[in-house]
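All figures in this text were calculated on a predicted structure; none of them were measured in a lab.
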Amino acid sequence: MRRYSLKILLFSFFLLRGTSLYAQDILVISTMAKTGATEPVSMILRQAYQQIGIEIQIRQAPGKRSLFNANSGKADGEAYRIIGLESNFSNLVRVDVPVREENMYFYVKKGGEFDVTGWENFPGNLTLGYIRGTYFVERAAIVHHIKVQPSSHYEHLLKQLNANRNDVIIMSNQGEPLIRKLNLNENIIRLEPPAHSFALYHYLHKRNINVIPKITESLKQMQTSGQIQKINDEN
């Protein structure tokens, strides 16, 4: 009788364990909220993971919190970040296929124009507004002693600039429809050339290292077919 009960117990354990492993096919991917890259990259990742039979849930959070969630293991990965992030966040492993090419521009109120010639020449008397957790901005601020004012999303950035709480903001041109929506296109202008250009990459927490080869191949197929570019161009 005792041996029979032990067999039932072991069977139940492995049944539950199997259910748990099956549930791991759903990955939670964290991402920065309300930036121009969030929607197209989310679409790209959903399609790429669907091709390898893995369901993902994409959860938005402020920039630093999103990164903390991914690096700490509260999430299974980060939707997109710049290359080199892994040198400071050792739990994150880069998927070596760019999911988006991004140009970031300085925006100012009319009359506040200046020449864009590199971070080292950013006017020292100006305060720069940016999305909190944008790694390259925070690094440039430290290296070049730039005064910065973080925000949680583009709309707040634009309103701060219009109210003279910032002198300059940095965002992608994907934020320009929002400028028009807020009726600020008569007051706010974009400076050329881009302040910063870079590729964005998907990252996974190191516990999901076994997924890296599969998702890399899936994204490579989408890159070769032009699907990644198509989704980015249309969104």
Side-chain angles (χ1 to χ4, degrees), residues 31-41 60 62-64 66-67 78-89 94 98-182 184-203 228-229 232-233 235:
T31 187
M32 291 189 287
K34 298 181 180 180
T35 75
T38 298
E39 186 57 31
V41 173
Q60 297 187 16
K64 280 191 174 180
S66 176
L67 189 54
E78 176 77 18
Y80 61 91
R81 291 284 175 163
I82 62 172
I83 195 169
L85 183 79
E86 58 272 35
S87 63
N88 290 313
F89 298 91
R94 175 165 45 91
V99 291
R100 186 175 175 86
E101 304 288 336
E102 193 80 284
N103 289 322
M104 303 293 285
Y105 296 88
F106 290 135
Y107 290 80
V108 298
K109 292 183 73 174
K110 287 183 179 178
E113 297 91 330
F114 59 89
D115 292 332
V116 180
T117 56
W119 287 106
E120 65 277 11
N121 295 319
F122 186 88
N125 62 321
L126 302 182
T127 298
L128 174 66
Y130 75 104
I131 297 296
R132 182 181 288 105
T134 306
Y135 182 66
F136 74 87
V137 175
E138 293 173 346
R139 184 171 56 188
I142 293 170
V143 172
H144 301 292
H145 309 288
I146 298 170
K147 293 181 290 185
V148 291
Q149 178 67 42
S151 186
S152 56
H153 52 80
Y154 279 168
E155 182 171 343
H156 189 221
L157 273 184
L158 288 164
K159 288 180 176 179
Q160 283 186 317
L161 177 60
N162 193 55
N164 299 314
R165 293 175 185 166
N166 289 323
D167 303 300
V168 193
I169 63 172
I170 186 167
M171 66 179 189
S172 77
N173 59 357
Q174 297 293 318
E176 292 187 10
L178 185 58
I179 294 177
R180 294 188 289 273
K181 179 182 176 183
L182 296 173
L184 297 177
N185 46 305
E186 295 297 321
N187 301 336
I188 293 175
I189 59 173
R190 184 177 81 190
L191 302 184
E192 297 280 356
H196 197 78
S197 299
F198 53 90
L200 295 172
Y201 292 84
H202 177 41
Y203 283 82
I228 287 179
Q229 187 65 50
N232 278 313
D233 287 346
N235 296 273

Tyr130 versus Gln149, side-chain donor and acceptor atoms under 3.5 Å: no

Proximity of Phe89 and Tyr203 rings by center, below 6.0 Å: no

Derivation and outcome, side chain to side chain donor-acceptor pair (under 3.5 Å), residues Arg180 and Asn185: CA-CA 5 Å; Arg180 294 188 289 273; Asn185 46 305; over 6 Å; no

Close side-chain approach of Arg81 and Leu67, heavy atoms under 4.5 Å: yes

Set of residues satisfying salt bridge (charged side-chain N to carboxylate O under 4.0 Å, His left out) with respect to Glu101, sequence neighbours excluded: none

Residue list, side chain to side chain contact (heavy atoms under 4.5 Å, CB included) with Ile83, at least two apart or on another chain: Arg94, Tyr201

Residues Asn166, Gln160; criterion side chain to side chain donor-acceptor pair (under 3.5 Å); working and verdict: CA-CA 6 Å; Asn166 289 323; Gln160 283 186 317; 3.2 Å; yes

Qualifying residues under side-chain hydrogen bond (donor to acceptor under 3.5 Å, both in side chains), relative to Glu192, sequence neighbours excluded: Arg190

Validation row, ring centre Tyr80 to ring centre His202 under 6.0 Å: no

Side-chain (Glu113) to main-chain (Gly111) donor-acceptor, under 3.5 angstrom: yes

Evaluation steps, side chain to side chain donor-acceptor pair (under 3.5 Å), between Glu78 and Thr31: CA-CA 6 Å; Glu78 176 77 18; Thr31 187; 5.0 Å; no

Of Leu191, Ile169, Asp167, the residue whose pairing with Phe106 passes side chain to side chain contact (heavy atoms under 4.5 Å, CB included): Leu191

